[in-house]
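Single-structure report; data block below.
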2 protein chains.
Amino acid sequence: MAGKDHVRGSKAVTLTEVARLAGVSVATASKALNGRSQVAARTRARVLQAAEQLSFVPNTLAQGLLMGRTGTVGLLTSDLQGRFVIPILMGAEDAFGAGRVNVFLCDARGDTIREQHQLRALLSRRVDGLIVVGSRTDSRSSVGHDLPVPVVYVYAPSDDPEDLSLVPDNVAAGRLAVEHLISCGRSRIAHVTGDPSYAAAQDRVTGALAALDAAGLELVGEVMYSEWSERWGRDATAVLLERYPDIDAVLCGSDQIARGALDTARDQGRKVPGDIAVIGFDNWDEMVTNSRPELTSIDPNLQLLGRSAAQRVFAALDGEELGKGLHTQAPRLVIRGSTVARR
Amino acid sequence: MAGKDHVRGSKAVTLTEVARLAGVSVATASKALNGRSQVAARTRARVLQAAEQLSFVPNTLAQGLLMGRTGTVGLLTSDLQGRFVIPILMGAEDAFGAGRVNVFLCDARGDTIREQHQLRALLSRRVDGLIVVGSRTDSRSSVGHDLPVPVVYVYAPSDDPEDLSLVPDNVAAGRLAVEHLISCGRSRIAHVTGDPSYAAAQDRVTGALAALDAAGLELVGEVMYSEWSERWGRDATAVLLERYPDIDAVLCGSDQIARGALDTARDQGRKVPGDIAVIGFDNWDEMVTNSRPELTSIDPNLQLLGRSAAQRVFAALDGEELGKGLHTQAPRLVIRGSTVARR
DNA sequence: CTGTTAGCGCGTTCAT
DNA sequence: ATGAACGCGCTAACAG
């Protein structure tokens, strides 16, 4: 009557039923199924067979209630749309190992109230840990400290230095990009990027300028900020080519902007990478492999970030200190045809 | 000692502690917190205050154990990479309502063994229902019938007609696309699409041919199958323009292919939509809004699909018949500059 | 080696 | 209006 049992299909089998079928007590059945040593081989076989026959699946809720661990983790994101959270989520999911730990996915849609609800729901489900994922690298408010479980922030760091945050190293990314351009023999480099209110934009600029400085070079013109779109990449590059016809590289703040840059270069008959090299950030598959030529990009290694977060949570569960502060993940250069000519 | 309590932060508070602080029995505390009527106003206030003070969060596991319902649903996907599962997942998530129901996300990475593991794990967690999401519309093997919970297949239907499957209507999508092209005055329409082993490709062809036939028209040339890439869109369109210079529309099997078509048209000086109209499928935001001109596309309404799936599971939980067979979701035409000139 | 007992946290009788 | 007792399914301690 409780709506508990579904129309087609049997209701869930309990250990008691298995024990009865095997002709033993529940305790013995439990031991047999959990591989405890204090049980006769023949008895164990009987129990296993009974379990098999009834297709018994142990109730993790009951186990969790008893053991104080649920084997679940909450993943709280502010927007699923964002391409960034997906690899992180995947990294976390398979770091935990298939089936041993399960992930509750919650999308707060960027709403703080909603996030509070979700948080409460997750705690009521007694998750063993929490991973909070943002969609931009700017810091966000902490979900609180005196939570009964370890919390790790990924991509968007917490504004509280007592929390543990794992983020991509955008300064290193900017540096890496410029170093690559220089190593390709470029020296007149311009920079087109997105919304200046994004920490990612600023950090990449910082890294890029540092690398230029180290090489005794200067950026051509000012950094061009606007939005993270192909359109802006196209428009900005057109302006650049007119104002500084002698540039030999465009450092773009995202793969989308870079694609726009490629389109304008093509429209204006500039050869890439012959006349001009183009490089982007994010290494977003659909963008980098479909452009002409394919796009060199800096990969933030997001999947690794997700994996690390999961491992930290795990470690904390085993009593290890969780740690705190901002930790960065090194980026990776992926060279394609937009900076190095293919043959 | 069980690793149960985290270093910083208190361990979870139980109802017993709340009751003690409020100076009542657990039974009374329970009633007070759950809004039962048989409790004095002053007592209730005391309990609520105690709960607040200890920031008590009820243990859903214990409740679930008792009530036979967990308020959780499993979402089993074969690949998270795929852009298709994300909107479905979002639709499901918010159909359930924030916090009331939580979603376990499991990615089987396309591996059957792994899927079995995940399935078992979900059942052991006593999920109330299951949503199985695929990344292509071809049918997949059923996860089984005698499961203790309702199962709904989304995007990729089950091969068993006894199961309930919710999929986008690709035949209608193909029809809708051609009808739009015709209504724009086009009559010499060619079709470039992706991998012919995909049901999505075939279904769209079926719908397109039906619509052409209904209008007394024929496709220009044969359907051109290959892969779902921009490159193929570019190459195929180049071939088309050479062989049939008089075509006035290219129906593309995906937004990616359509973007390739737009690029080739542009390269060859054909005006879009003046000389040639281009239309795609999926209405993938990054693709349709960044192309020149923006791309008209058929939106499969995936979020609605996810929402419906969630609602079906819900209804089944309330004792309603789950239903069976293949149900389709109507697509939606989104007109942009690639078929209708903007001013 | 096996069975009995207790209790994880909670909601629900049934007494009081 | 309140509280004691029971049980959800399971594991850990002890007894036999």
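Here is how names work: the chains are called A, B, and so on, in the same order as the sequence lines, proteins then strands, and each is numbered from 1. Note that these values count all heavy atoms, side chains included, but never hydrogens, waters or copies made by symmetry. These numbers come from a predicted model, not from an experiment.
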Which nucleotide in [options] has an atom nearest any side-chain atom of [X]:
| X | options | value |
| --- | --- | --- |
| B:Gln63 | C:dG9, C:dG11, C:dT2 | C:dG11 |
| A:Ala40 | C:dC1, C:dC10, D:dG9 | C:dC1 |
| A:Val24 | D:dC10, C:dG9, C:dG3 | C:dG3 |

Just how large is the angle between the end axes of the helix from C:dC1-D:dG16 to C:dT16-D:dA1, five pairs per end, to 10 degrees? 50°
Could you tell me the separation between the [atom1] atom of [X] and the [atom2] atom of [N], rounded to a whole number of Å?
| X | N | atom1 | atom2 | value |
| --- | --- | --- | --- | --- |
| B:Met67 | C:dT13 | CE | C1' | 14 Å |
| B:Glu17 | C:dC8 | CD | P | 11 Å |
| B:Asn59 | C:dG9 | CG | C1' | 6 Å |
| A:Leu66 | D:dA13 | CG | C1' | 11 Å |
| A:Leu65 | D:dT11 | CG | P | 12 Å |

Pair [X] + [Y]: basic N to acidic O under 4.0 Å:
| X | Y | result |
| --- | --- | --- |
| B:Arg307 | B:Asp94 | yes |
| A:Glu321 | A:Arg312 | no |
| A:Arg109 | A:Asp107 | yes |

Which residue, B:Arg44 or B:Arg126, contacts DNA chain D at a nucleotide closer to its 5' end, judged by nearest heavy atom? B:Arg44
Using a cut-off of less than 4.0 Å, is there contact between a side-chain N or O of B:Thr43 and OP1 or OP2 of D:dT2? yes
Do you know which two heavy atoms are closest between A:Arg120 and B:Pro58, and how far apart they sit? NH2-CD, 4.1 Å
Heavy-atom pair of closest approach, residues A:His145 and A:Glu162: ND1-CB, 4.3 Å
Which residue pairs pass the ring-ring contact (aromatic ring centres under 6.0 Å, His included) test when at least one of the two sits in residues 37-92 of chain A, sequence neighbours left out? A:Phe84-A:Tyr155
Taking atom types as modelled, is there a side-chain donor on [X] or [Y] under 3.5 Å from an acceptor on the other?
| X | Y | result |
| --- | --- | --- |
| B:Ser124 | A:Thr60 | yes |
| A:Ser142 | A:Asp163 | yes |
| A:Asp79 | A:Ser135 | yes |

For B:Leu15, which contact category applies under a 4.0 Å heavy-atom criterion: base, sugar-phosphate, or nothing? sugar-phosphate
Just to be sure I understand the geometry, which residues of residues 26-39 of chain A put a non-hydrogen atom under 4.0 Å away from DNA chain C? A:Ala27, A:Thr28, A:Lys31, A:Gln38, A:Val39
